[in-house]
K.L.:
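Below is one structure. I have some questions about it.
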Amino acid sequence: MSNVLTYKGFYGSIEFFEEDNVFHGKILGISDCFLYEGDSVQSLKQDFQDSVNEYIDFCNEVGKEPEKAYKGTFNVPIESSLHKKLSVYSSEHGKTLNGTVEEAIRHYVS
């Protein structure tokens with residue numbers, strides 16, 4: 001089971017609000033806020049696809065390139081002592097800090 005929708009290279013969240021008996025979500029990984037909802041899985045999927053299409057149309061109207069989710073960069077605040085250990089580890093192993101973090105993440109999600 002997945003809690004993420006995909007369409008045209010975009011991703012969307014899925015949440016269920018029992019008190020409303022409605023699914024809600026938003027397009028992930030873009031700076032603009034595009035939301036969608038549905039009272040069934042099928043209607044949620046359709047509204048997600050409509051939201052993606054609306055986002056693309058919006059970008060075309062304002063003359064900007066639609067953001068594709070996940071450009072490959074992000075900031076992660078961590079404890080300073082961990083940052084130090086990671087930096088020393090990277091130096092000792094002839095790697096960059098970013099390379100070590102990427103390797104660790106790749107290992108974790110594989």
Side-chain angles (χ1 to χ4, degrees):
M1 183 172 127
S2 175
N3 288 329
V4 176
L5 297 170
T6 59
Y7 177 67
K8 292 186 175 180
F10 293 91
Y11 298 90
S13 63
I14 302 171
E15 294 185 54
F16 181 71
F17 291 91
E18 189 171 5
E19 60 276 3
D20 298 333
N21 204 35
V22 175
F23 294 98
H24 296 267
K26 67 179 181 176
I27 299 175
L28 300 171
I30 62 172
S31 58
D32 296 299
C33 185
F34 277 77
L35 307 173
Y36 47 89
E37 67 179 38
D39 59 3
S40 69
V41 173
Q42 189 56 42
S43 66
L44 179 73
K45 285 181 179 180
Q46 184 60 57
D47 204 36
F48 167 64
Q49 292 174 359
D50 292 344
S51 290
V52 168
N53 291 330
E54 288 171 18
Y55 170 66
I56 293 168
D57 290 344
F58 167 77
C59 289
N60 290 334
E61 287 174 21
V62 299
K64 75 174 193 173
E65 193 69 29
E67 294 176 71
K68 286 291 184 167
Y70 314 106
K71 298 174 190 169
T73 61
F74 62 97
N75 293 319
V76 180
I78 61 172
E79 186 179 292
S80 61
S81 63
L82 181 58
H83 188 179
K84 179 181 176 182
K85 287 178 184 178
L86 188 60
S87 182
V88 169
Y89 175 91
S90 298
S91 294
E92 290 176 343
H93 290 86
K95 300 177 183 180
T96 64
L97 184 62
N98 286 345
T100 302
V101 170
E102 182 176 354
E103 183 180 311
I105 292 170
R106 190 177 311 279
H107 176 76
Y108 184 79
V109 299
S110 295

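Quick note: residue numbers are just sequence positions, from 1. Note that this is a predicted model, so its numbers are computed, not measured.
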K.L.:
Say you draw a straight line from CD1 of Ile14 to NZ of Lys26; how long is it, rounded to the nearest 0.5 Å?
P.N.:
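The CD1 atom of Ile14 sits 14.0 Å away from the NZ atom of Lys26.
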K.L.:
So which atom in Asp47 and which in Glu37 form the shortest heavy-atom distance, rounded to 0.1 Å?
P.N.:
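What the structure gives for the nearest pair is OD2-N, 2.8 Å.
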K.L.:
Under 6.0 Å from the NZ atom of Lys95, do we count more than 12 heavy atoms belonging to anything else shown?
P.N.:
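Count over threshold, so yes.
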K.L.:
Passes side chain to side chain donor-acceptor pair (under 3.5 Å), Glu79 versus Ser81? Steps please.
P.N.:
CA-CA 6 Å; Glu79 186 179 292; Ser81 63; 2.6 Å; yes
K.L.:
Nearest 0.5 Å please: distance from the OG1 atom of Thr6 over to the NZ atom of Lys45.
P.N.:
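The OG1 atom of Thr6 sits 9.0 Å away from the NZ atom of Lys45.
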K.L.:
Tell me, do Val76 and Val101 make a side-chain contact under 4.5 Å, heavy atoms counted?
P.N.:
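They are not in side-chain contact.
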K.L.:
With rounding to the nearest 0.5 angstrom, report the CD to CD distance, Glu54 to Glu61.
P.N.:
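Between atom CD of Glu54 and atom CD of Glu61 there are 10.0 Å.
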K.L.:
Under 4.5 Å between any side-chain heavy atoms of Asn21 and Asp39, yes or no?
P.N.:
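They are not in side-chain contact.
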K.L.:
Look at the aromatic rings of Phe16 and Phe23 and report parallel, tilted or perpendicular, splitting at 30° and 60°.
P.N.:
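It falls in the tilted class, 30° to 60°.
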K.L.:
His93: what forms a ring-ring contact (aromatic ring centres under 6.0 Å, His included) with it, not counting sequence neighbours?
P.N.:
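Per chain and number, His93 pairs via ring-ring contact (aromatic ring centres under 6.0 Å, His included) with Tyr89.
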K.L.:
Around atom CZ of Phe17, are there more than 12 heavy atoms from other residues, nucleotides or ligands closer than 6.0 Å?
P.N.:
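Buried by this count: over 12 neighbours within 6.0 Å.
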K.L.:
CD of Gln49 to CG of Leu44: how many Å apart, nearest 0.5 Å?
P.N.:
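Taking CD in Gln49 and CG in Leu44, the distance rounds to 10.0 Å.
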K.L.:
Count the heavy atoms belonging to other residues, nucleotides or ligands that lie under 6.0 Å from NZ of Lys64, then report whether that count exceeds 12.
P.N.:
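Yes, the 6.0 Å shell around NZ holds more than 12 heavy atoms from other groups.
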K.L.:
Considering all heavy atoms of both residues, which atom of Tyr36 and which atom of Ser51 are nearest to each other, and what is their separation?
P.N.:
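So the two residues come closest at CB-OG, 3.5 Å.
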K.L.:
Among Phe48, Phe10, Tyr7, Tyr55, exactly one meets ring-ring contact (aromatic ring centres under 6.0 Å, His included) together with Phe34. Which residue is that?
P.N.:
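Result: among Phe48, Phe10, Tyr7, Tyr55, Tyr55 is the only option passing the ring-ring contact (aromatic ring centres under 6.0 Å, His included) with Phe34.
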K.L.:
Might you point out which heavy atoms bring Ser90 and Thr100 nearest each other, and give the distance in Å?
P.N.:
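It is OG-OG1, 2.7 Å.
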K.L.:
What closest approach, in Å, do Pro66 and Cys59 show between heavy atoms, and which atom pair accounts for it?
P.N.:
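Heavy-atom minimum between the residues: CA-SG, 3.7 Å.
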K.L.:
Please check if the number of heavy atoms outside Glu19 that lie under 6.0 Å from its CD is greater than 12.
P.N.:
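More than 12 heavy atoms, drawn from other residues, nucleotides or ligands, come within 6.0 Å of this atom.
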K.L.:
How long is the straight-line distance from CD1 of Ile105 back to OG of Ser110, given to the nearest 0.5 Å?
P.N.:
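These two atoms lie 11.0 Å from each other.
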K.L.:
Between Ser31 and Glu67, what is the shortest heavy-atom contact and its length?
P.N.:
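Taking Ser31 first and Glu67 second, the nearest heavy atoms are OG-OE2, 2.6 Å.
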K.L.:
Please test Asp50 against Gln46 for side chain to side chain donor-acceptor pair (under 3.5 Å), starting from the C-alpha separation and ending with a verdict.
P.N.:
CA-CA 6 Å; Asp50 292 344; Gln46 184 60 57; 3.0 Å; yes
K.L.:
What I'd like to find out is whether the side chain of His24 reaches to under 4.5 Å of the side chain of Leu35, using heavy atoms alone.
P.N.:
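His24 vs Leu35: side chains apart.
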K.L.:
Please report the closest heavy-atom contact between Ser43 and Gly38, naming both atoms and the distance.
P.N.:
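Where Ser43 meets Gly38 most closely, the heavy atoms are OG-CA, 3.2 Å.
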K.L.:
Going hydrophobic residue to hydrophobic residue with side-chain gaps under 4.5 angstrom, can you get from Ile30 over to Val62?
P.N.:
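Same hydrophobic cluster.
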